[in-house]
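All values below were derived from every heavy atom in this structure, side-chain atoms included, with hydrogens, water molecules and symmetry-related copies excluded.
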Amino acid sequence: MSDYSVTLSTTEPNNYVGLIKLRQGDVASQSIQATITANGQLFNFDHLAVFFNAVLPNGYVVRDKVTNVDYANSKLNYVVADSFLQEVAQVTAWFSFENDEKIIDSTKNFQYSVIGGWKECIPQGNYIYELSEIQREIEEIIGNKDFTSLISKISSLESNLKTRIDDLENETTAQLAQKVGNGKLASMADMGQDVKTAMTGGSVAVVGENTVIEKNVVDKQITPRKTSFLEQDSDNVLDPDFKKLYNCTYSNGIVESNVMSASQPFYINISPINPATGNSKMTLLAGIWYISMRVKTQNGVGEIEPSLFDRNGVRYRGSWYSGNKGAIPTKYVDLKFKITLTSAIESVGMAIFSLASDKYFIENLMISNKDIPFVTYHKYSFGSSINEPSLKIMDEKLSRISKKIVNPAFDFSHLRTYAHRALVHPINTLDGYPENTLPAFEHASNMGVDLVEIDVKRTSDGFFILSHDETIDRVSNGTGKISEMTLSDLRQYDFSYVGGQKMPKFVNELVKIPTLEEAIITAKRLGLNIVLDIGILNWDIMLVHNVVLAHNYEKHVMYNIQSIYYIQRLLSFDPYAVLFYTNSNMPDATTIKQLIELQSDLNTIGFGTQYTHFISSNPQKDENKAIVQQLVNSGIVVSAATINHSEITQHPNLLDDLVSIGIQCICTDDLRIEQKQKIVMNINDYIQLAPIVR
């Protein structure tokens, strides 16, 4: 049996898990033996059921219960089932800890690689040996204790390999001769070091790009200022053109943090998006990187730890390397930290985590892949590459809108609308389309809709399916609670029912409940963007986000979440996310402050609530309108739900009123707008005429 022993964390990214290779076809013979930790200590998951989960290359999530669990020592041993080895590829996986079908916690993601089974082949003359054949022959030889044929077989393979190497060498020699014989000069790249030494007598440097090194420069003959390309300037990859900070301010070359509590981060650099590609401009290659800075604190008790985040939200923690270890004094000191990157990353930001409560001041920050001294002449100044005020203003505007260029569906500079539960007809009507189904997707696309809202629930066997209700009673010919049913249980029912009656349009069709994977695949095909309504979670949002990532559809998904905590959690993994905090109540001062702090140039933060807060009969309508204005003026998008033809009939001026106070997004399950008992226009026509008032 092949065993892989790893330590996995529920609180920190599993960046240092070794390479796990699982072979196809080796059923019940490969295991992952994991010790589970949280915040550096053993994680207590007593009495919780443990499941192994993975997102396969086809986007499907598979899971299996772990039966070999050592609760006392926080260990588990899972023998990998064949369902996790379906394709040769790298697979994202995690362990979840559950109670009564509710996920209590889960490890951070890690990777394993599925490699080919005993079907790899070795050519021998005109015959191709499969490894299984060689294995069988070796077993027969060992059984007979006659190794003559084995030695002959190995010699034959060795001879074949030598012939192929000789052929390759002759081919390379011929190509080089042809290259020179055609009148072209052989370059230095074609010559070995002994030839170069013979040509130069060992005393003349052969100079080319990136060939000058420090040991060839005589001390005091060339000053460091004149050879800065040899020093850290070329390695300082922090983008100086950042404009947005989090929990800190920047002025005159100094970053000043807020008063930070322990374990709270402040972001001192967020790389802009490249509008042409939608990607970050900062790329760090695999290897060791050093972060240097001059730091002081207000009270002399603070400690810090820097981290880098890639654009997928993976955190790479820095470790103390040199300088003042422990409490940082009230006078500037030089600190250096080391970060090891196991692979090249596109970095989108640096976070400084406060390990003790204090206020921090930072100057002369730099990051380099060299362990070089901290030198005074290197004055790294944020924003120093842009001095012209007009250019600064232009850069700020580009930074703010760059993320929206990636997907115009989430550009809320004019009124947007999305189809509630993917419907384009009133809810609960027999002549409409079944909500949260693939036929509704098809019809919405045919009607010109580009943004559909769907609701997600989780089955007892871990599949995410589309449903607004906790039960299937209202929308199908069955009954039961979704969290207590498996996917196969749900598949036996027809989901084109309203109030116990079959919809006429689907009289000859069985409409099945779709999985989230099927919904994303269909949306991709139809060019639809998704508003993903998470609702009240009893499972981790990252499980849903993993499904979206598996289909590379994260730029086409907007999340409606009823928890500030889960918004913060998702942002830590995906700083580019479009996230709406939805609540039937208007936000209080604390919530407004949290939303404003979460908003950045990279993401879109919104607040969604009921339209009834703004109608004339609501006694607090004026206060609510003032709150909307405050949010909109702070860059927060505000949406209202759910507005259909019946609401417009009751409140003829509703749309105009909402637009006038700054509402930028409307949820509807009926694209018809009925005023004065008469359909006058399609909502998509209306939004073209409705300017946003700020």
Item to check | Lys/Arg-Asp/Glu bridge criterion (N-O < 4.0 Å) met for Arg421, Glu453 | outcome: no
Next on the checklist: If you compare all heavy atoms of Ala440 against all heavy atoms of Pro434, which two are closest, and at what distance to 0.1 Å?
Outcome noted: CB-O, 3.4 Å
Checklist entry - Any chance the rings of Phe97 and Phe43 have centres within less than 6.0 Å? => result yes
Checklist entry - Phe580 and Phe607: which non-hydrogen atoms are nearest, and at how many Å? => result CD2-N, 3.9 Å
Next on the checklist: So, taking the atom named OG1 in Thr471 and the one named CD in Glu484, what distance separates them when rounded to the nearest 0.5 Å?
Outcome noted: 10.5 Å
Next on the checklist: When you measure from the side chain of Ser261 to the backbone of Gln264, do you find a donor-acceptor pair of N or O atoms at a distance under 3.5 Å?
Outcome noted: no
Item to check | Residue pair Trp94 / Leu543, side-chain heavy-atom distance below 4.5 Å | outcome: yes
Checklist entry - Do Ile666 and Arg416 have side-chain heavy atoms sitting under 4.5 Å apart? => result no
Item to check | For the student: nearest non-hydrogen atoms of Leu490 and Phe495, plus distance | outcome: O-CE1, 3.5 Å
Checklist entry - Does the pair Lys621 and Ile615 meet the rule for a side-chain contact (heavy atoms from CB on, under 4.5 Å), with working shown? => result CA-CA 7 Å; Lys621 64 180 184 303; Ile615 59 179; over 6 Å; no
Checklist entry - Would you say the side-chain atoms of Asn583 and Tyr581 include a donor-acceptor pair closer than 3.5 Å? => result yes
Checklist entry - Relative to each other, are the rings of His420 and His468 parallel, tilted or perpendicular (30° and 60° limits)? => result perpendicular
Item to check | Enclosure of Lys512 NZ (heavy-atom neighbours >12, cutoff 6.0 Å) | outcome: no
Checklist entry - Glu305 versus Ile352: any side-chain heavy-atom pair under 4.5 Å? => result no
Next on the checklist: Using a 3.5 Å distance criterion without hydrogens, assess whether the side chain of Ser460 forms a donor-acceptor pair with backbone atoms of Met485.
Outcome noted: yes
Checklist entry - Under 3.5 Å, is there a donor-acceptor pair between the Arg317 and Ser307 side chains? => result no
Next on the checklist: Between Asp588 and Thr590, do the side chains contain a donor N or O and an acceptor N or O under 3.5 Å apart?
Outcome noted: no
Item to check | NZ or CZ of Arg315 within 45° of Phe353 ring axis and under 6.0 Å | outcome: yes
Next on the checklist: Once you measure the plane-to-plane angle for His443 and Tyr433, does it fall in the parallel (<30°), tilted (30-60°) or perpendicular (>60°) bin?
Outcome noted: parallel
Checklist outcome for this item: CG of Leu654 to CD of Glu647, rounded to nearest 0.5 Å, is 8.0 Å
Checklist entry - Within the side chain of Asn436, is there an N or O that forms a donor-acceptor pair under 3.5 Å with the backbone of Asp455? => result yes
Item to check | N/O donor-acceptor pair under 3.5 Å between Asp461 side chain and Leu487 backbone | outcome: yes
Checklist entry - Would a distance-only check, ignoring hydrogens and angles, find a side-chain to backbone donor-acceptor pair under 3.5 Å from Glu517 to Val547? => result no
Checklist entry - Between His651 and Ile643, is a side-chain contact (heavy atoms from CB on, under 4.5 Å) present by the stated rule, with each step listed? => result CA-CA 10 Å; His651 310 282; Ile643 302 171; over 6 Å; no
Checklist entry - Any idea which heavy atoms bring Glu518 and Ile513 closest together, and the distance? => result OE1-O, 4.3 Å
Checklist entry - Can any side-chain N or O of Ser445 pair as donor or acceptor with the backbone N or O of Phe441 at less than 3.5 Å? => result no
Checklist entry - If only atom types and distance count, is the side chain of Asn618 paired as donor or acceptor with the main-chain N or O of Gln620 below 3.5 Å? => result yes
Checklist entry - Between the side chains of Ser96 and Asn53, does any donor sit under 3.5 Å from an acceptor? => result yes
Item to check | Separation between NZ of Lys524 and CG of Asn529, rounded to the nearest 0.5 Å | outcome: 12.5 Å
Next on the checklist: Given Asp469, which partner from the list Lys481, Arg474, Lys457 fulfils the side-chain hydrogen bond (donor to acceptor under 3.5 Å, both in side chains) test?
Outcome noted: Arg474
Next on the checklist: Would you compute the distance between atom CG of Leu8 and atom CZ of Phe95 and round it to the nearest 0.5 angstrom?
Outcome noted: 6.5 Å
Next on the checklist: Would you say that Val61 contacts Asn546 through its side chain, given a criterion of any heavy-atom pair below 4.5 Å between the two side chains?
Outcome noted: no
Checklist entry - Are Met542 and Arg569 close enough, and set up right, to give a side-chain contact (heavy atoms from CB on, under 4.5 Å), and what steps lead you there? => result CA-CA 8 Å; Met542 291 312 301; Arg569 179 158 169 74; 4.0 Å; yes
Next on the checklist: So, taking the atom named OH in Tyr316 and the one named CE in Met350, what distance separates them when rounded to the nearest 0.5 Å?
Outcome noted: 14.0 Å
Item to check | Ala419 to Val449 - nearest heavy-atom pair and separation | outcome: CB-CG1, 4.2 Å
Item to check | Member of Ile561, Ile520, Val578, Val456 meeting the side chain to side chain contact (heavy atoms under 4.5 Å, CB included) criterion with Leu532 | outcome: Val456
Next on the checklist: Less than 4.5 Å apart, side chain to side chain, heavy atoms only: is that true for Val632 and Val638?
Outcome noted: yes
Next on the checklist: Between Thr10 and Thr37, does the side-chain contact (heavy atoms from CB on, under 4.5 Å) criterion hold? Intermediate values first, please.
Outcome noted: CA-CA 6 Å; Thr10 63; Thr37 65; over 6 Å; no
Checklist entry - Does the side chain of Ile663 come within less than 4.5 Å of Ser639's, by heavy atoms? => result no
Checklist outcome for this item: To the nearest 0.5 Å, atom CD1 of Ile592 lies from atom CD of Glu597 at 12.5 Å
Checklist entry - Short question: side chain of Asn603, backbone of Ser600 - any donor-acceptor pair under 3.5 Å? => result yes
Next on the checklist: Would the distance check show the side chain of Asp533 and the main-chain N or O of Ile454 forming a donor-acceptor pair, the cut-off being under 3.5 Å?
Outcome noted: no
Next on the checklist: Assess whether a salt bridge exists between Arg458 and Glu98, defined as any Lys/Arg side-chain N lying under 4.0 Å from an Asp/Glu carboxylate O.
Outcome noted: yes
Checklist entry - Can a donor-acceptor pair be found between the side chains of His545 and Tyr559 at a distance below 3.5 Å? => result yes
Next on the checklist: Please check this pair: side chain of Ser257 against backbone of Cys248, looking for a donor-acceptor N/O pair closer than 3.5 Å.
Outcome noted: no
Next on the checklist: What I want to check is whether the side chains of Gln599 and Ser634 have a donor and an acceptor closer together than 3.5 Å.
Outcome noted: no
Checklist entry - Nearest heavy-atom pair of Ile339 and Pro306: which atoms, and what distance? => result CD1-O, 4.3 Å
